[in-house]
Every structure is written in structure tokens, then in C-alpha cells.
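The structure under discussion appears below in the form of C-alpha cells.
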4 protein chains.
Amino acid sequence: MGQRGRQKGSVGVKSKEAILTIAAEEFAEHGFHETKISTIVKKAGLTQPSFYLYFSSKEAIFQELIHTFHHKLIHLTKNSRIEPNLDKNILASKIARGLISIFKFFDDHRHLTKIGFFIADEAEEIKRGMVAHITENLLAEQQDKYFRQDLNMQIVAECIIGAIERLTITKLFTNESTPQQLANEIVDIYLYGLQNTES
Amino acid sequence: MGQRGRQKGSVGVKSKEAILTIAAEEFAEHGFHETKISTIVKKAGLTQPSFYLYFSSKEAIFQELIHTFHHKLIHLTKNSRIEPNLDKNILASKIARGLISIFKFFDDHRHLTKIGFFIADEAEEIKRGMVAHITENLLAEQQDKYFRQDLNMQIVAECIIGAIERLTITKLFTNESTPQQLANEIVDIYLYGLQNTES
Amino acid sequence: MGQRGRQKGSVGVKSKEAILTIAAEEFAEHGFHETKISTIVKKAGLTQPSFYLYFSSKEAIFQELIHTFHHKLIHLTKNSRIEPNLDKNILASKIARGLISIFKFFDDHRHLTKIGFFIADEAEEIKRGMVAHITENLLAEQQDKYFRQDLNMQIVAECIIGAIERLTITKLFTNESTPQQLANEIVDIYLYGLQNTES
Amino acid sequence: MGQRGRQKGSVGVKSKEAILTIAAEEFAEHGFHETKISTIVKKAGLTQPSFYLYFSSKEAIFQELIHTFHHKLIHLTKNSRIEPNLDKNILASKIARGLISIFKFFDDHRHLTKIGFFIADEAEEIKRGMVAHITENLLAEQQDKYFRQDLNMQIVAECIIGAIERLTITKLFTNESTPQQLANEIVDIYLYGLQNTES
DNA sequence: CATGAATGAGGATTCATTCAT
DNA sequence: AATGAATGAATCCTCATTCAT
């Protein structure tokens, strides 16, 4: 069928993706309200009505971007459950690996991350999800005696998310640190603490 | 009679303060753009032109709130430099005391905190200031051998600010934890780390 | 009566005059709409309600200034009727004298002139009055054979007013010419024309 | 069918021109401040946002009208340089022809003229340009001995512009005189003066 | 004579969104 | 698949003017 390959939808798909990409940029840089549909379509070489061919509203495309971010993030964390029975040295690197994958993901999707992790109202909920996930992991490891028994792991998880948040903005997105470096620093700090045990 | 005589201008002052209070509430809850001047003045029992009697624009009052927050915050952290020559136990409680005062301050000024620490574009800068301050303190203590020599204290500071940020939103503002509890948890986590040293 | 001279009204009179003077300046410089009552009273060291102690509205003070201008102008032109039976040389200087008095008057009341002769809607009417007056004079002199019989004196009068208007703005108010100079130039041009009668 | 095919954009052009025409009317009649965008668009059968489809602000459309006037005026005066070597009778009719074209232009563009020659702040500058142009012409003719040597031609030019100004308002726009009549009267007055040379 | 405080009324401008083609 | 044209619905802001003291 259709040997002349009037590749149905390909143009539209391209337009839609152009809009999505540019919108992500704009939202990430200027926030929701300061981003104008007019600007997006202009940058995409389209007109305003075309926008509504692909998205039902400004709110809708914003949600779509958030959803994409959230979806990818969930997918990412799905496989990161730490297997039991590993010795302490390996634990550290396991944790580091998890953090690396998060930072890498953020690094690879800067605009989406800005939107879904920092700008959106839903960011709070997304973080809550991550905190829950991390808490679970930590609890398991706590149970396995890798971690101190007297710690409130939910609070720990919040601290880690907070750290990730900050470092993403100030170190990762400024290109001052790599995912690896950041992950290692976090592991080092949280695992062993600040206290000087020498002397 | 009235021992304070002809309270010149007191009415206007009251109106201005009413506007400020309500504006803080609104901005904190709805953000800059979703906050309407009309709503603010209505809640203050005034009309729109009155607003402009006290503030030159919506932007201006927002800035004033940010400034107030920043100003108070700076004032707070001014006295918090840790004195040298204290043993380790005291150090912990010293640090805790600093954190308590921050959480207390945030707790006492929830709206301002939401605005100046979470909503404003300037929040980033304000946090940067706090990070710098904390970094300084940490470095001094590191020099005094209280802390491990191999840690990048700026990164540590970022982690702490991130933790404060998160815990403020999820534990403090939800009334799930007190400033004391949060401060203690942070000290415990960051000073000693997660690692189980028993066994 | 009243040896203590609580000069009744003197303060008010002073305030009113201050307002009038400043208002004239402002209207002259910025026109009606761009002149704000708030600016006037500020410059007069008063508050807005005080303004309404002396003038019923912005429109009212503007009218008062126009009226003052018009009144003075009418007073000026009342005595300027040219007496009959003068020879041609004297005629020229008579006319010049009339023009000098007008230019002097404009020069002495620059703000009022700007308002009443250039800014006000009523300026048109005021000019019409002057044209009528000049026309009358010219007609008398035409009847006395001093002027050409074939000229439409109303048109001539319009031309003279037009000349006065322009020269007031471009030469008088810029201090490039004195009333005398301008009057002489006008007399010279209009009496003898441009045409070179030599050769 | 339809020899001009798919008239792309013709509707928008029509709307823009409608707005321009009506705006010229309104500005001419009521001045800048008393002219409301709401009135303009209402008369054009449009809504307020449509106005901003074609003009960026009220100030902008006003400037556009002024510019149009100025542009046309400059175009008009470009060809009006008087060629040398003409005898006196022809000179008069040459000058008359120039004046006719000006009055005709003003007559054909009453609204624009009101705006650009009487209402706009830029009117002064526009007149200055005309004065300069006229002065140049007069000087050339003076050099060629057509005009008296003792006259300050800039002042003469100012007088002529003043005359044009006045006569435009009082005779042309009231339909009391035609461009031809006005031009002839001016030539007559300025060339030969008022003085009765008979007797 | 004067003012601190307040407001009614309106006006320009913006932006997401839609209609007809 | 796309667009020229248009708009509904707000929002910020301004200014002359007034009231109570």
C-alpha cells in the first residue's frame, strides 16, 4: 500500500516534536508563565493555531513534558533495587551507581529535569516518590545491618534528595562536576559522615 | 488622652502592613503570577489604587518581601559563627543550635520563607549566600581537625542546604517535626554518617 | 482693626499664587494632559486636597490661566487703535509700536502665552479675536488710502497673526530676537513686500 | 476566476487601513489623549486585541501617522525648487504654484495635516524643515536679485509658514477659500506688500 | 489652612485560544 | 497540515478627586 510513501503523519510528527523540544527549552529557562505560546511557535517556524493541532492547551504541553520526565525517571529507578548480601565495599559502589544513573539522567535531560524537578508544582510529588523509593532501599539495607539502626531512613532519604537537588543545580548544570564525582561525594559524605575519626 | 498622642500616620502604616501580610500569604500560596493585586487589596479591605499608595508595583512588593526575608536571614546568620576550641560533643550541639535557629526562623516566617527560599528567582542567590557562609564555618572546623580533611566542604554545604530545603517543606511546614528534631537528625546524619560501625 | 495683623487670607493667597505659577509652568511645558496635579502640588510644597481648596478642578485652573492671558491681552489691544491722519513714515512706526507691545507682552508672560496662544483649545478663538481687531485697524487704514485697495484685509490679518505666532515660538522664546527686532522685520516685510524694486 | 487569485492577507490589510483611517480622524478631532483605542476599534468593527495585531501601541500608530504625513510632505517639496532665469511675472506664478501644491496637499489630507502640522509635538520640527527649505529657495532668488537684498530670508520664511498655518485652519479647512485663492493672496501680500504705491 | 488616607472610573495592554479557510 | 485574522477575559496601573480630621 502507498508506494509513493506519502509517509502519513511524518510532517506532523516532526512539527510536534519541534514544538515539544522548544517548549521544554522555554519552560526550563523562563518558567511556565513567562513562556509564551507565541514564542514557542515562532521558534518552531509555525503559527499559533498549529500549536493547537498537537496540544490542547499550554497547560497540556507542560503536563506532557512533566509526564515524560516522570515516566523516564520511574523507568530509571525501577531496576535500581539493591540486591541483598553484598559486603560493605560493594555497597558503597552500588549506591554510587544508583546516584550516577540519576545524575546522568538529569544531565541528559536538563530541560525536562528543570521542568519536572524544579519548576512544576508536581515536582513535590515526584520527589516524594523518589524519597519513598530511596527510603525503601535504605530500610532494606538497614535491616541487613549495613546502616545504623537508630536512623530515621525517611529523613535520610529527604536529605539525599535535597543534596541531589542542590548539586544538580549548582554543580551538574554548571558543568562543574560530573555525575561520577557528585555520586562519589554524596556516598562519601553520607556513608561516613563529617566527623574526623583519626586523631 | 492617650499617652502616645496624635498617632500621625498610624492608619497608613496599618494598611501597608496589612497589604504586606496578605501579599506574603498570597505569593507563598500561589506564586507571583497567580497572585492578583485585586485579591490582595480585597482581602485587605481596600481598593486597587490604595495598593499603589504603598507600593509602586506588584514586582516592587514582591521584591520587598524577598528583601525582608533575606535581610532577616542575614541578620540571623551573622551571630552563628562557631567559636574555636570546643570538644566534639559540644561541637555537635553548637551545630545543632545553628540549625535550630534556621528552622525556627523558617517556621516563624513560613510565608516569607516560601517566597524568598522557594519561589523567588533570587532564591538561588540567597542559597548561594548561605552555602558560602556554611562553607566558611565548615572549613574553619576542618582546619581545627574536627572534620575529615578529605572532604570538599562546599559540596558538604550544598548537601546541608539541600537537606534543610527538603526537610523544611516536608517535615517542618507539615508540622511533622520540630526545629529541634530536624536539627538533631541532620547533625546525627552528617556528623556520623549512615554506616553501621558496630558489628 | 486687628493690630496683630493676622493678615487674613495672606497665607492662602500665597498658596494659591504658588499653585498658579507652577501650574502655568507645567501646563506650558507639558501640555494639559501630561501635567499632573500631583506634580503641581508637590512643587508647591502642598498636598493634593489643598489644591481643591483653591481650584475646583484641573480644568478650572487651566481655564483660569487661559482667562488671565486673554484678559490681559484684551486689555493690551484696547488702546492700540491707530489714530487717523498720520503720514506714511509715522504709520510704519505706529504699527511697529503695536507689534512691539504684543511681543513684549508675550515675552513677559511666556508661560501664559504658551498656554493661551498655543496649547488651549480656546487659542483659536483668542486668535480670531486678534484677527478681528487687526482687520478693523487695517480696514481703517485702507480706507484712508495708506494701504492698497485690492487687498483682503482679513487674510492679511491672518497672515500677520500667523507670523507673530511663528516668530514668537522660534525667535522670541528662543531669545534669538527682541520684540523690537521682530516688530520691525514684520513691518518691513508686510509693508513693502519682498519684491526688489531697484534695478 | 478572479484575475487576482487568492488575495493573501487582503483582509488584514483592510483592517489595518481601516484602523489607520479612523485613528487619523479621531486624533485629528480629539488629540492624542482624548482619543481612545476602544473608540477606534469599535468604529472599525474590531476588538481591542486586533488593534495590537497591527500596531504595537497607541503611541506607535500616532507616530506612524505623523511619519506618513512628514514623508508625503517631504516628497511634495522635493520637486519644488524654483529654476533660475525667469522674469518677475513668472516668478510670482512659480511661487504660487508651490503654495498651491502645499495647500492642496493639506486639503487632500486634512486629518494627517491636523495631526502632523498642528497636534504632534513633532510639528515644530516638521515646520522647521519647511522653513529651512523655503529659506533656501528665497535666498537663491534673493541672490538672483528678484528679492530685496536687505531682508532676513529666514524670518520671511517663518512668516510665510505662519501664514500658511493660519490660513489652512481658518480658510482652507473651513472651505472658505481654495488652495488657488490662498496661494494667490499670499503671493500678492508678500511680494508687493501692503503699502499703497499709488497716489 | 492643611493633610493622611482612600477611591471611582477608566484605559492600555497581554495572552491563550478559536474560526474559517 | 497549516494559517491569517480575530477575540474573550483579564490584569496592572493612573489620575483626578474626596472624606474625615
Side-chain angles (χ1 to χ4, degrees), chain A residues 8-16 33-41 45-60, chain B residues 6-16 33-39 41 44-60, chain C residues 8-16 33-41 45-61, chain D residues 6-16 33-39 41 44-59:
Chain A
K8 192 187 163 203
S10 85
V11 177
V13 168
K14 234 173 250 174
S15 289
K16 178 168 185 178
H33 283 98
E34 299 292 310
T35 294
K36 318 291 177 204
I37 303 264
S38 56
T39 307
I40 294 172
V41 293
L46 293 169
T47 58
Q48 305 220 30
S50 293
F51 176 90
Y52 293 90
L53 233 45
Y54 303 107
F55 306 97
S56 63
S57 70
K58 183 181 173 183
E59 193 61 51
Chain B
R6 182 150 127 308
Q7 287 179 293
K8 194 184 169 191
S10 83
V11 177
V13 169
K14 232 172 255 174
S15 290
K16 179 170 186 178
H33 283 97
E34 299 291 306
T35 294
K36 315 297 178 198
I37 304 252
S38 55
T39 308
V41 293
L46 293 169
T47 57
Q48 299 227 28
S50 293
F51 176 90
Y52 294 92
L53 220 53
Y54 303 107
F55 306 96
S56 61
S57 69
K58 183 180 169 183
E59 192 62 52
Chain C
K8 191 189 166 200
S10 85
V11 176
V13 168
K14 234 173 250 174
S15 288
K16 178 168 186 179
H33 282 97
E34 298 292 309
T35 294
K36 319 289 176 207
I37 302 266
S38 56
T39 307
I40 294 172
V41 293
L46 292 169
T47 57
Q48 305 220 29
S50 294
F51 176 90
Y52 293 90
L53 232 45
Y54 304 108
F55 307 97
S56 63
S57 70
K58 184 182 173 184
E59 193 61 51
I61 190 175
Chain D
R6 182 150 127 310
Q7 288 178 293
K8 193 185 170 193
S10 84
V11 177
V13 170
K14 234 172 252 174
S15 290
K16 178 169 185 178
H33 283 96
E34 298 291 305
T35 294
K36 316 296 177 198
I37 304 251
S38 56
T39 308
V41 293
L46 293 169
T47 57
Q48 300 227 29
S50 293
F51 176 90
Y52 293 91
L53 220 52
Y54 302 107
F55 306 97
S56 62
S57 69
K58 183 180 171 184
E59 192 61 51

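Just so it is clear: chains get the letters A, B, ... in the order the sequence lines come, proteins before strands, and each one is counted from 1. Computed over heavy atoms, backbone and side chain alike; hydrogens, waters and symmetry mates excluded.
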Checklist entry - Can you tell which of E:dA9, E:dA6, F:dT7 lies closest to the side chain of D:P49? => result F:dT7
Checklist entry - What integer distance in Å separates D:L46:CG from F:dG8:P? => result 11 Å
Checklist entry - Which nucleotide in the list E:dT3, F:dT14, E:dA16 gets nearest to the side chain of A:Y52? => result E:dA16
Checklist entry - So which nucleotide from F:dC12, E:dA2, E:dA12 ends up closest to the side chain of C:S15? => result E:dA2
Checklist entry - Roughly how many Å is it from CD in B:E34 to P in F:dA10, rounded to a whole number? => result 13 Å
Item to check | E:dC15 pairs with, by Watson-Crick or G-U criteria that keep both distances under 3.5 Å | outcome: F:dG8
Checklist entry - Considering Watson-Crick and G-U wobble pairs with both distances under 3.5 Å, what does F:dT14 pair with? => result E:dA9
Checklist entry - To the nearest Å, how far apart are C:F51 CZ and F:dC19 C1'? => result 18 Å
Item to check | Side-chain N or O of C:S38 closer than 4.0 Å to phosphate OP1/OP2 of F:dC15 | outcome: no
Item to check | Minimum-distance nucleotide (side-chain atoms of B:V11 versus E:dA6, F:dT3, F:dA6) | outcome: E:dA6
Checklist entry - Distance from C:I61 atom CD1 to C:K16 atom NZ, nearest 0.5 Å? => result 8.5 Å
Item to check | Closest heavy-atom pair and its distance - C:V41, C:T47 | outcome: CG1-O, 3.8 Å
Item to check | Contact under 4.0 Å: A:T47 side-chain N or O vs F:dT3 OP1/OP2 | outcome: yes
Checklist outcome for this item: Between D:I37 and A:K36, the residue closer to the 5' end of DNA chain E by nearest nucleotide is D:I37
Checklist entry - Can you tell me how far OG of D:S56 sits from CZ of D:F51, rounded to the nearest 0.5 angstrom? => result 8.0 Å
Checklist entry - Atom CD1 of C:I40 and atom C1' of F:dA16: how far apart are they, to the nearest Å? => result 11 Å
Checklist entry - Base, sugar-phosphate alone, or nothing: which one does C:T35 contact when heavy atoms must sit under 4.0 Å apart? => result sugar-phosphate
Checklist entry - For F:dA16, does either OP1 or OP2 sit under 4.0 Å from a side-chain N or O belonging to C:S57? => result no
Item to check | Shortest non-hydrogen contact between D:K58 and D:H33, atoms and distance | outcome: NZ-O, 3.7 Å
Item to check | Whole-Å distance separating the NE2 atom of C:H33 from the P atom of E:dA12 | outcome: 11 Å
Checklist entry - Looking across every strand, which nucleic acid part, if any, lies under 4.0 Å from B:Y54 by heavy atom: base, sugar-phosphate, or nothing? => result sugar-phosphate
Next on the checklist: Base, sugar-phosphate or nothing for A:L53? Non-hydrogen atoms, less than 4.0 Å.
Outcome noted: base
Checklist outcome for this item: Rounded to whole Å, the NZ-C1' distance (A:K58 to E:dC15) equals 8 Å
Next on the checklist: In whole Å, I'd like the distance from the CD atom of A:Q48 to the C1' atom of E:dT14.
Outcome noted: 12 Å
Item to check | Pairwise distance CZ(D:F55) to CD1(D:I37) - rounded to 0.5 angstrom | outcome: 9.5 Å
